[in-house]
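Worksheet: one structure, shown below.
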Amino acid sequence: MSSVTPTTKSDEILRIEAKWRERWEADRAAFVDTEKPAGEGTYLLVMLPYPSGDRLHVGHARTYFLTDALHRFLRQTGVTVFCPMGWDAFGLPAENYAIQKGIHPRTSTLANIAAMKEQFRSWGVLYDWTKEVTTCEPEYYRWNQWFFLRLLEKGLAVRKKSAVNWCPSCLTVLANEQAEGGVCERCNTPVVPRELEQWFLKITDYAERLLEGLDTLGKWPDKVVTMQRNWIGKSTGADLDFAIPSLGETVRVFTTRPDTVFGATALILAPEHALVPRLLEGNPKRAELEAWVASVRSQERIVREAEGAEKDGRDTGRKAINPFTGREVPVWLANFVIADYGTGALMAVPAHDTRDFDFAKKYGIPIVKVIEEEKKDLLRKEEEEETADFLRRDEGQGGAPGIAGAPSAAYTGEGNLVASGPFSAESSSSARELISAEAARRGIGGPRIRYRLRDWLISRQRYWGTPIPMIHCEKDGWVPVPEKDLPVVLPPDAPFTGKGGNPLEKVASFVNTTCPRCAGPARRETDTMDTFVDSSWYYLRYVDPKNDRAPFDAAIAKEWTPVDQYIGGIEHAILHLLYARFFARILKDLGLVPFEEPFSALFNQGMITRQSPTGRIEKMSKSRGNAVSLDPLIAEKGADAVRAFVLFLGPPEKDAEWSDEGISGPERFLWRVRSTVDRFLQTGADPQGQPGAADTPAARARHMAVKRVTEDFRAFSFHTAVAHLMEFLNHATTLVGDAGADPGETATSLRTLVTLLHPIAPHLSEELNERMGGKKSLLVSGWPAYDPALAEMEVASIAVQVSGKVRAEIKLRRGADEKEALSAAEANPVIAKWLEGKQRVKIIWVQDRLLNIVAK
RNA sequence: GCGAAAGUGGCGGAAUUGGUAGACGCGCAAGGCUCAGGACCUUGUGGCCUUUAUCGGCUGUGGGGGUUCGAGUCCCCCCUUUCGCACCA
């Protein structure tokens, strides 16, 4: 730092900010709406933050600054805003911290919450803390348990055995959504499959409703809607049964291409398929095959599903019957068949499916063409084959071994059927329907819709979460905890050793209980719920956080929800946002809410990026070593300058790169606002003065600024709002320095500037408003109105083109007609020069903008 | 591979329904004020050309074509980058 005497500027800014923070603190009721009046109201929501132990850095701040600017803007325009804040307080980091440091998760979590609240306060962001929700409190999580019991009654909460994702680092199972790409969402550790019995919520029952609802989400980013649509993954096709005579069994397959069934030359099962043990019975190589099955099943998902992973399979030696050709086909097992999609088995049509083609080529399975390619595809393929032949010649290789005339690639397009019995010559699309219908008629399958979405696995083998309210009795099996016994409270005294599984299992007073049904000895479920259950309905608890008879009052919820505007990061596109949409549907079916879509509008702010020590531009984060800490920055520059800079960085929906120098622009801007107002006050003019005339150039500039900034805020265009405020300041500074200016207009312009600035720099604007004699906080004193007729300059500068090229600019009064413009243009020497000796062909006139004289 | 979004000065980024490209800021340059400047103020700033200076000209929004009086914006082809999904039968 400099040894030079610092200016007093930042000191004064910091004094101003401290003063206003205290005022807001002391009289929150004056600044925050808690009651919704009849009519207008906006529910503004920020994604529930996790109270991590790390101090928030610049990368975190954007969401909060953005929301606060919007909140303040709406308040100023007279809209009642509900903007609560709470904590996603359960979760693994707190428990891992307990294992490392021996500090109870509750203690560290509550300390983190206090620290984060203090940070929010220092930024000047307003939340309604009277509605604060903390998910790790029994008052909150008892309702998770209550919902669980409702779901159990409806058959939507079930215990079932399946292959689930296990994270060896977090020591728990994970939902499919939390193991995307085969790695743990939290720690990036490759997950391994485990066959376990767990609690699931049957989100798959809602797949179609979740999909349909996406069409109504017009105010959501398309990207998120698309991601959810893909995640749900609807496929239309048919189920078909393949008999295995030697076992007296049938295997059902799902296919989206029943039109290709005549080309199905093998039946392939996932190694996890239930029939595998019986298929291998009596096989001379049984031990070897079983070892292979076991090895595939224990493989990390990331390895098994890796791009370009080698297709690996084994022939079981069994034969199945293709139900349409009646011919025998071999029964194979293969690593690329996914156990829990469809039926875990597929019919292989090598001629018309790329994966099947690769597999068939490798193992010599016959390739039978049943779809005639369309001409355009055929032409393209011929070219490709020539290239392929050429390459093969180079390599000295033949075609596929043992298969004469085999094609070099699968044809996956549409076409007319060949070699397909009675369906030959049908088109793909009609054959799909005919063959599906035929399968249904024969009782061997039929039309079928399937989804990629899996049920939501909510069991976690960890302590710091909502206990699942179930009791296991030797005699009665799984019995729900009666509603009157809720909440099942998480015992405070569990041993955090990090060894031997879930600490809850070792708390005898928790585990040992009696069966609610037979009163005999029984054990409590020690698994806790996924934290995403907590966040699936928290926005409803905000409206009625103290309710101890119900999760929330349906009447109050109806007043405020669904949420009008939700703001958060893209990282929850298919986790939280999918679960919350699922929960909303459950709540609707329970008669608790009238809507299915919980968030009417969604805004995803972009991340703040910065160069990492490695030189790459990366998301700002502590672990990447590129985080700019916020506390010292605010202590040095003031919260207003940081807010203004973060909002000025660029369009808020796009990622924005942080630059350490860039903050000086907005910082200087705020200083100049202050010095300009102070300079005006020194003139002794009345700061509450009114303009002497309504239609003056200065008044027009003011109306224009109000119009632009208002529209910018409405469009979430905070960066252009700051730019327009900067322009308006330059104008206002000129007025202050102009001895001939109307002091009433100057005062009005400055008051307008300060009011418009408030959503971005609340502390400074409140201070200047007060210095100028403002009696009320800007939060409640109203937003300036503008007259659209005055929101333009009275003189229009018109571009004059000759044959489409701009040659001059002329100034005309707004509203001037083509005739006036033309004579003014002709009087211009440059235009006259360009028109010299030319014939006018056409005149194009755009009012107040442009005159184009087409000449030859 | 499939899907989506985006390519504009040295940099971040502006630009209503096609109508003066580069607002605003950073950076840079010159000047002022200063013992000093890493503070502040003023001015300039896409590139090339012309001019003592003006006036002015050419060119310019990833590349190529097209529509139009007029294209950053609309249409076609191509290139690049980012993001999402990725053996889903």
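A quick note: this is a predicted structure, and the numbers were derived from the prediction, not measured. Sequence lines set the chain letters: A, B, ... in the order given, protein chains first and strands last, and positions in each chain run from 1.
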Check whether any side-chain N or O of A:Trp834 sits under 4.0 Å from OP1 or OP2 of B:G57, and answer yes or no.
yes
Whole-Å gap separating C1' (B:C24) and CD1 (A:Ile760)
12 Å
Atom CE of A:Met227 to atom P of B:A5: distance rounded to whole Å?
14 Å
Can you tell me the distance, in whole Å, between the CG atom of A:Leu729 and the P atom of B:G25?
9 Å
Is A:Ser659 touching bases, backbone alone, or none of the nucleic acid, heavy atoms closer than 4.0 Å?
nothing
Pairing nucleotide - B:A5, Watson-Crick or G-U, each distance under 3.5 Å
B:U81
Does A:Asn852 reach a base, just sugar-phosphate, or nothing at all? Heavy atoms under 4.0 Å.
base
Testing B:U20, B:C69, B:G57 for proximity to the side chain of A:Ala799, the answer is B:U20
Base, sugar-phosphate or nothing for A:Arg454? Non-hydrogen atoms, less than 4.0 Å.
base
In terms of side-chain heavy atoms of A:Asn335, which of B:C87, B:G13, B:C26 is nearest?
B:C87
How is A:Pro829 classified with respect to the nucleic acid when contacts are heavy atoms under 4.0 Å: base, sugar-phosphate, or nothing?
nothing
Side-chain heavy atoms of A:Arg229 within contact of A:Lys234, under 4.5 Å:
no
As a test of the definition: with a 90° window around 0 for syn, would you call B:G9 syn or anti?
syn
Most 5' of A:Leu649 and A:Leu850 on RNA chain B, judged by nearest nucleotide:
A:Leu649
Taking the P atom in each of B:G46 and B:C35, what is the distance between them to the nearest angstrom?
35 Å
Residue A:Ile844, side-chain heavy atoms: nucleotide from B:C69, B:U20, B:C87 that is nearest:
B:C69
When you check the phosphate oxygens OP1 and OP2 of B:A23, does a side-chain N or O of A:Arg708 lie under 4.0 Å from one of them?
no
Could you identify the nucleotide paired to B:U73, looking across every strand shown and requiring Watson-Crick or G-U wobble geometry with both distances under 3.5 Å?
none
Whom does B:C24 pair with, Watson-Crick or G-U wobble, provided both distances fall under 3.5 Å?
B:G12
So, does A:Lys223 get its side chain near the phosphate of B:A5, meaning an N or O under 4.0 Å from OP1 or OP2?
no
OP1 or OP2 of B:U59 under 4.0 Å from side-chain N/O of A:Lys805:
yes
Pick base, sugar-phosphate or nothing for A:Ser797, based on heavy-atom distances below 4.0 Å to the nucleic acid.
base
If you measure from CD on A:Glu636 to CG on A:Leu14, what distance do you get to the nearest 0.5 Å?
9.5 Å
Look at the side chain of A:Asn335 and the backbone N and O of A:Arg297, then say whether any donor-acceptor pair between them is shorter than 3.5 Å.
no
Expressed in whole Å, how much space separates the C1' atoms belonging to B:U16 and B:C11?
27 Å
Sugar-phosphate, base or nothing in reach of A:Arg672, heavy atoms under 4.0 Å:
sugar-phosphate
Looking at the side chain of A:Lys842, which of B:A89, B:C69, B:G57 is the nearest nucleotide?
B:C69
Tell me which nucleotide among B:C69, B:G19, B:G12 gets nearest to the side chain of A:Phe648.
B:G12
Quantified in whole Å, what is the P atom distance between nucleotide B:G7 and nucleotide B:A14?
9 Å
Which part of the nucleic acid, if any, lies within reach of A:Ile338 when heavy atoms closer than 4.0 Å are counted: base, sugar-phosphate only, or nothing?
base
A:Leu812 side chain reached by A:Val795 side chain, heavy atoms, under 4.5 Å:
no
Counting only N and O atoms by type, is there a donor-acceptor contact under 3.5 Å from the side chain of A:His731 to the main-chain atoms of A:Ala701?
no
Using heavy-atom distances to pick each residue's nearest nucleotide on RNA chain B, tell me which of A:Ala309 and A:Ala723 is more 5'.
A:Ala723
If you only use heavy atoms from C-beta on, which nucleotide in B:A39, B:C24, B:C26 is closest to the side chain of A:Glu661?
B:C26
Identify whether any heavy atom of A:Val841 sits under 4.0 Å from a base atom; if not, whether one sits that close to sugar-phosphate; answer base, sugar-phosphate or nothing.
nothing
Relative to the ring of A:Phe359, is the ring of A:Tyr363 parallel (under 30°), tilted (30 to 60°) or perpendicular (over 60°)?
tilted
Spacing of the C1' atoms in B:A6 and B:G72 (rounded, Å)
13 Å
Return no unless some side-chain N or O of A:Arg257 is found under 4.0 Å from OP1 or OP2 of B:A89.
no
Can you tell me the Watson-Crick or wobble partner of B:C40, both distances under 3.5 angstrom?
B:G32
Quick one: label A:Glu727 by what it contacts on the DNA or RNA (base, sugar-phosphate, nothing), any heavy atom closer than 4.0 Å.
sugar-phosphate
What nucleotide, of B:C87, B:A89, B:G27, holds the atom closest to the side chain of A:Lys311?
B:C87
Take A:Glu618 and A:Met607 through the test side-chain contact (heavy atoms from CB on, under 4.5 Å) and record every step on the way to the result.
CA-CA 9 Å; A:Glu618 288 178 316; A:Met607 290 178 306; over 6 Å; no
Would you indicate which nucleotide in B:A89, B:C40, B:G19 comes nearest to any side-chain atom of A:Gln801?
B:G19
Using the side-chain heavy atoms of A:Arg849, tell me which of these nucleotides is nearest: B:G19, B:G57, B:G25.
B:G19
Interatomic distance at P, B:C24 relative to B:C78, whole Å:
40 Å
What interatomic distance, in whole Å, is found between P of B:C74 and the corresponding atom of B:G18?
9 Å
With rounding to the closest Å, how many angstrom separate the C1' atoms on B:U73 and B:C83?
24 Å
Between the CD atom in A:Gln228 and the CG atom in A:Leu214, the distance rounded to the nearest 0.5 Å is 5.5 Å
Can you check the A:Leu835 CG to B:C69 P distance for me, whole Å?
18 Å
Which nucleotide in B:C24, B:A21, B:A14 has an atom nearest any side-chain atom of A:Thr720
B:A14
Distance check, rounded to the nearest 0.5 Å: A:Glu667 atom CD versus A:Phe645 atom CZ?
10.5 Å
One pair to check against side-chain contact (heavy atoms from CB on, under 4.5 Å): A:Gln611 and A:Asn626. What are the steps and the verdict?
CA-CA 6 Å; A:Gln611 215 172 45; A:Asn626 65 349; over 6 Å; no
Interatomic distance, A:Glu657 CD vs B:G13 P [rounded to whole Å]
8 Å
Check every strand shown and say whether A:Arg668 touches a base, only sugar-phosphate, or nothing at a heavy-atom separation below 4.0 Å.
sugar-phosphate
Determine the interatomic distance between P on B:G47 and the same-named atom on B:G60; round to the nearest Å.
16 Å
Could you check whether A:His719 gets within reach of a base, just the sugar-phosphate, or nothing at all, counting any heavy atom under 4.0 Å?
sugar-phosphate
So, is A:Arg807 close to the B:G57 phosphate, meaning a side-chain N or O under 4.0 Å from OP1 or OP2?
yes
